[in-house]
Each structure stands twice: as C-alpha cells, then as structure tokens.
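Below: one structure, written as structure tokens.
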Amino acid sequence: MRYAIMADIHANLAAFQAVLSDIERRQGVGQIWCLGDVVGYGPDPSECIALLREYDHLGVAGNHDWAAVGQVDTSDFNPDAAAACLWTGHQLSPEDRSYLENLPLTLEKGDFTLVHGSPRDPIWEYLLYAESACESFHHFKTSFCLIGHSHVPLVFEHRGDDIPPSLSDFPLGSTIKLGGRRLIVNPGGVGQPRDGDPRASYLVYDDAEGVIHHRRVPYDVAQTQKKMLGANLPVRLAARLSYGY
Ligand code: ZN
C-alpha cells in the first residue's frame, strides 16, 4: 500500500487541494499520515480539517492545533503567529475543536513513529541540526520517525549511539530506500514551506517497495494570500508564502 506523509498544512486550502490532486493523479494512496499543524497561519482552518477528515488518515497534534483550542499557550509564539492563532480559534466549529483537542501527541504505525516536533518533545522541539537530533533517536522504538514543525524536508540517519546522525536534504524529486537503518524524516511543509521553494512539499511511502518518494506541487499562492489579507491576517504571513520562507 502507499501512504501520503504530510505536515504543516496550516489552513492553506489551495496548497492542500493541490497536494491531494497530485496524489490522485499518481494512482492515489490508501491512507494519509498527517504530522500536525492542520491549522494556524492560513485562511481556511475549518475547511482544511473537514477535507482531511474525508480521507482515511492518521493525525498527531501540532503546536498550532493545540494553541488554537487553548490546549497549549501561545507565549512562545511570535506576535504574527499569536494573532493568527487567535483568529483561527474564532473560525472553528465545536466539531473542529473536538477533532483538534483529541489528536494524540504520538502514534506508532508499523515501523514508523509519527510526531509533530520531535520524539523527545512532540509539540515544541525543532529538529534542524544533527546535534539536536542525536538525542531524539533515544526517544522512539521503531525504525523510522516522521516529524514536521520546521517545514523543511530533511533526513537524519542514525550512525550510532551518541554520534551525531548524518543530515541530508531531500533533493527535489528524490527517492530514499528505507533498508535496515534508523531514520528521522521530515516531509517539508504543505501550507507554508520554509526551505526557499514555495511549492507544497510532501512524501509518498510505498511499503511494497520500501521506498519514500519526495514530491513538490505548485499551487495558487495568490489565492491563499488574497484570502489572508481579506481576513486581516498579518501581511508578513501572506508575503512569506511567495518565497517559501
Ligand atoms: Zn507548523
């Protein structure tokens, strides 16, 4: 079976729809694994939750998901993120709130552990550097851990206890063979990429072949920006989508 692995949709309906269309165009998947932050920053939180829920999926909680329902506080958010979070909270239906409140912090599925931030601190820790990722390999039991939160597609490969893992980008359109090693993998962001490429980023895991494919999908950035400005969301949050940062 094939699984779509995605993170940080961030209420960007146009980006999410573009990813779903890309999946359909390429034979579809049996299940979506969503690594948190369905909402926050973007203009369509309720619509993104509803669309995700139309699919067979597994989901874990992100910092923005829980902040929007008051389950974690926003004191660590920058002012723009906090303003968007407050706005998001007002858009959610009781069903949306209940969905977000009940997302687990961590899930295990076969050889994979799913979290938003890191296996050590699922809500808040960013894994961007080999040194900080080193400790994380002690905090999950499966071969592979899937993370989001940084919005940057990355692969950390374990090289031994207390040795910093190797760190590599996910080159465009590349495929990684899973094999008998331990990896921490970030699919990049769907709704607010931060690696300098504005296109939505996601992965497809094929369990028969034991490989993960990286995919990039263009979407109508201007449409999302127009909705954000119409909703009086912070201008800087709309502008950054043009640059993928
Ligand atoms: Zn995020």
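All ligand and atom numbering here is 1-based and tracks the order in the structure. Since the structure is predicted, the reported quantities are computational estimates derived from the model, not experimental observations.
Among residues two or more places apart in sequence or in another chain, the ring pair (Phe, Tyr, Trp, His ring centres under 6.0 Å) test is passed with Phe112 by Trp33, Phe144, Tyr205. With sequence neighbours left out, the side chain to side chain donor-acceptor pair (under 3.5 Å) criterion links Arg199 to Asp197.
If you count the protein N, O or S atoms nearer to the Zn ion (ligand 1) than 2.8 Å, you get 4.
Judged by a 6.0 Å distance limit and a 45° cone about the ring axis, Arg182 is positioned over the six-membered ring of Phe140.
Applying the side chain to side chain donor-acceptor pair (under 3.5 Å) test to every pair with at least one member in residues 76-91, sequence neighbours left out, gives these pairs: Asp80-Arg236.
With respect to Asp111 and Lys141, no salt bridge is recorded, no charged nitrogen being found less than 4.0 Å from a carboxylate O.
Nearest heavy-atom pair, Gly191 versus Tyr219, reported as atom, atom and distance to 0.1 Å: O-OH, 4.3 Å.
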